[in-house]
2 protein chains.
Amino acid sequence: MKPKAPTMADVAAAAGVSTMTVSRALKPDTSVSEKTRTKIQEAADALGYVLDSSAANLSSRKTGFVAVTIPSINNSNFADTLRGIVDTLRGTDLQVLLGYTDYSKDEEERLIEQFLRRRPEAIVVTGGAHTERCRRLIGNSGVPVVETWDLPEMPLGDVVGFSNAAAGRLMVEHFIEQGYGKIGFIGGDTSRDTRGLDRRRGFVAALEANGLAADRLVATGPPPITMREGALSMRRMLDRWPDTEAVMCVSDQAAFGAMTEAQRAGLKVPQDIAVAGFGADALSEHAIPAITTVDVSCEEIGVRTATVLLRALGLAEGTLAPESKVTPRLIARDSTTNAARRSS
Amino acid sequence: MKPKAPTMADVAAAAGVSTMTVSRALKPDTSVSEKTRTKIQEAADALGYVLDSSAANLSSRKTGFVAVTIPSINNSNFADTLRGIVDTLRGTDLQVLLGYTDYSKDEEERLIEQFLRRRPEAIVVTGGAHTERCRRLIGNSGVPVVETWDLPEMPLGDVVGFSNAAAGRLMVEHFIEQGYGKIGFIGGDTSRDTRGLDRRRGFVAALEANGLAADRLVATGPPPITMREGALSMRRMLDRWPDTEAVMCVSDQAAFGAMTEAQRAGLKVPQDIAVAGFGADALSEHAIPAITTVDVSCEEIGVRTATVLLRALGLAEGTLAPESKVTPRLIARDSTTNAARRSS
DNA sequence: TTGAAAGCGGTACCAT
DNA sequence: ATGGTACCGCTTTCAA
């Protein structure tokens, strides 16, 4: 039935050389004469030989794995970061081992534990909040770590992230600048999405610093926070505080759901109510009106993360670690701007 | 510096037992007395021992990997399928090894080749189009395969998919039913996105079968086809065929981009032009107007795929293979319906 | 440039 | 319920 896959020994026998020579011939940059290399290549092809990494890994103590955990697969922001990582790693012999935590620290711990058995050469996690055991596991492993999308107070290792609180603050400042006074927030209520919570914290703090009320907070429930949650939350916001003038949402998806819900209720955006998001998703750019958002360079985070790792692993040079802090940047669009309001 | 990770032998020594007993104690369902198991567990914890899968894999000839390739990370449809797979596999000791092909058969071949070295226990690919070498590699490996999102003429193994042509046809029938005559298509021009191409083929064939002109085809260029491409394509469509009455787009993302572009140009949807998509993304539901689309149960595809695999691997019972064919289902919404047109 | 031998860290298999 | 032993398929190391 399954006639047992050929091994290096089979190739060696067929080519009339030792397994060591086969091993060398199959990698680049090793001293093997052109003639024997060709002979070995042909023998390997004829047998349909495929190298067994499991054995190679065990012997060489190198797996070529980079373990990466992200909260959710269906989130274009994290997907962008992941793409940055994968694309930067392409060309090296490093491969991503991906897991998603569903925003749960316990699930993250479970994943990390599973991943550590695979002996990854590096670990990338999203955010700085982990279970105590998870921190210990990573610490004991001695594997280089990068925490992304956050600026942890107690970093495990390298960090490539941004201040989520600053993102919230940025939006408040924008709202105030545009003359809004009754300002609300949608999302970020549970301890699961700690980054969303941080954005809300920064948002609330900035309102208070400006002497504004910070009570219009609608909890969306546990993540993922999709358009549906955004829509439901907007309905609750309008029910409870009908005179709300501006709302920031924890994500662009939520903002779109919230905005369309307001529009369906007959409100004009931004004339009757302003709506803003977070993440600079393409959606916010194409929506009508275009949605004001905060750009945190998701893909760039991934690229830098991979670069940091390559340096940590000695696979790339670099005198200094790249700047690890990404600066959130507000993108003002029609959904919150006075110009759009006046032109109505 | 890095004092070499403890091995099973270290744990065995510390607990005063043999490595075999340690090996058994660390897995469930093996005959080890409660007392020694506790003792071993404590020794392992004290040492910070973490099992080395590489060694276990080599010895047991089981890696616990399922190799999965999808065209793109940033595509919520594929992400849904992936989620279906991962969630179904959770609880088993199978782990997904993910790669994205960027819609390229050559990249797929490269990935599959890389993955095969890891000795996956199963392979999942998107679509039925592969390079000849890729087909051979998979065939030689003897690893169970599932092709998804398509109904290949020459299947490599199991299939969990749907007819992309049928999806295109479905939309044409809907358009005709709603009284549209000048109908166009956006997307699916390159050989890279073979499934998008199939949808267009089915679309064109259905138009012709109904005696309608099938020349309003706008090529978006190579995938990924995002909102931006949808918008640009709509502009081209309107420039070239200003009297177009209805447009199907290759994806909901493209449809949203196309629709908003039309709206920005001052057109009303569906009064002036109807727009439809594909994939039943949340976006199509929340957009204003809501966008008519085709639901192909992306997540369900993933769930079934994983179920098929579990059976193939003997990890789940099941008398028969589950129905492998998913039926595309049209979801009619305001963006294309007469009711919405009349009510204007 | 090539080869021989000794593991890498587990598990299968057979005893006890 | 527990242990001994022979590998799994490759790379490291040292020698030729």
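Chain letters run A, B, ... following the sequence lines, proteins first and then strands; every chain starts at 1. Remember, it's a predicted structure, so these values are computed and weren't measured experimentally.
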Taking N and O atoms by type only, does the side chain of [X] place a donor or acceptor under 3.5 Å from a partner on the base of [N]?
X        : N      : answer
A/Arg117 : C/dG10 : no
A/Ser59  : C/dG7  : yes
B/Arg119 : D/dG9  : no

[N] [atom2] sits how many Å from [X] [atom1], rounded?
X        : N      : atom1 : atom2 : value
A/Lys39  : C/dT1  : NZ    : P     : 15 Å
A/Arg118 : C/dG9  : CZ    : P     : 17 Å
B/Lys35  : D/dA1  : NZ    : P     : 13 Å
A/Asn57  : D/dC10 : CG    : C1'   : 10 Å
A/Lys62  : D/dC10 : NZ    : C1'   : 16 Å
A/Met20  : C/dT1  : CE    : P     : 14 Å
B/Asp52  : C/dG9  : CG    : P     : 7 Å
B/Glu34  : D/dT2  : CD    : P     : 10 Å

Begin from the C-alpha positions of B/Lys39 and B/Glu42 and carry the test salt bridge (Lys or Arg N to Asp or Glu O under 4.0 Å) through to its verdict. CA-CA 5 Å; B/Lys39 197 171 52 180; B/Glu42 282 167 358; over 6 Å; no

Quick check on DNA chain D: between A/Ala55 and B/Ser18, whose nearest nucleotide comes earlier from the 5' end? B/Ser18

Take B/Val32 and A/Met8, find for each the nucleotide of DNA chain D with the closest heavy atom, and name the residue whose nucleotide sits nearer the 5' end. B/Val32

Options [options], nucleotide nearest the side-chain atoms of [X]:
X       : options               : answer
A/Thr19 : C/dT11, C/dG9, D/dT11 : D/dT11
B/Ser33 : C/dG9, D/dG9, D/dT2   : D/dT2
B/Arg24 : D/dG3, C/dG9, C/dA12  : D/dG3
B/Ala56 : D/dG9, C/dG10, D/dT13 : C/dG10
A/Lys27 : C/dT2, D/dT11, D/dT5  : D/dT11
B/Thr36 : C/dT11, D/dG9, D/dT2  : D/dT2

[N], OP1 or OP2 - any side-chain N/O from [X] closer than 4.0 Å?
X       : N      : answer
A/Tyr49 : D/dG9  : no
A/Thr21 : C/dG3  : yes
B/Ser23 : C/dG10 : no
A/Arg61 : C/dG9  : yes

Looking at B/Arg61, B/Arg117, B/Arg119, which hits salt bridge (charged side-chain N to carboxylate O under 4.0 Å, His left out) with A/Asp52? B/Arg119

State plainly whether the residues A/Lys105 and A/Glu108 are in salt-bridge range, i.e. N to O under 4.0 Å. no

Do the side chains of A/Glu132 and A/Arg136 get close enough for a salt bridge, i.e. N-O under 4.0 angstrom? no

Reckon B/Ser31 touches a base, only the sugar-phosphate, or nothing at all at heavy-atom distances under 4.0 Å? base

Do B/Arg118 and A/Phe65 form a cation-pi contact, if we require the NZ or CZ to be under 6.0 Å from the six-membered ring centre and within 45 degrees of the ring's axis? yes

Residues B/Ser104 and B/Thr101: side-chain donor-acceptor under 3.5 angstrom: no

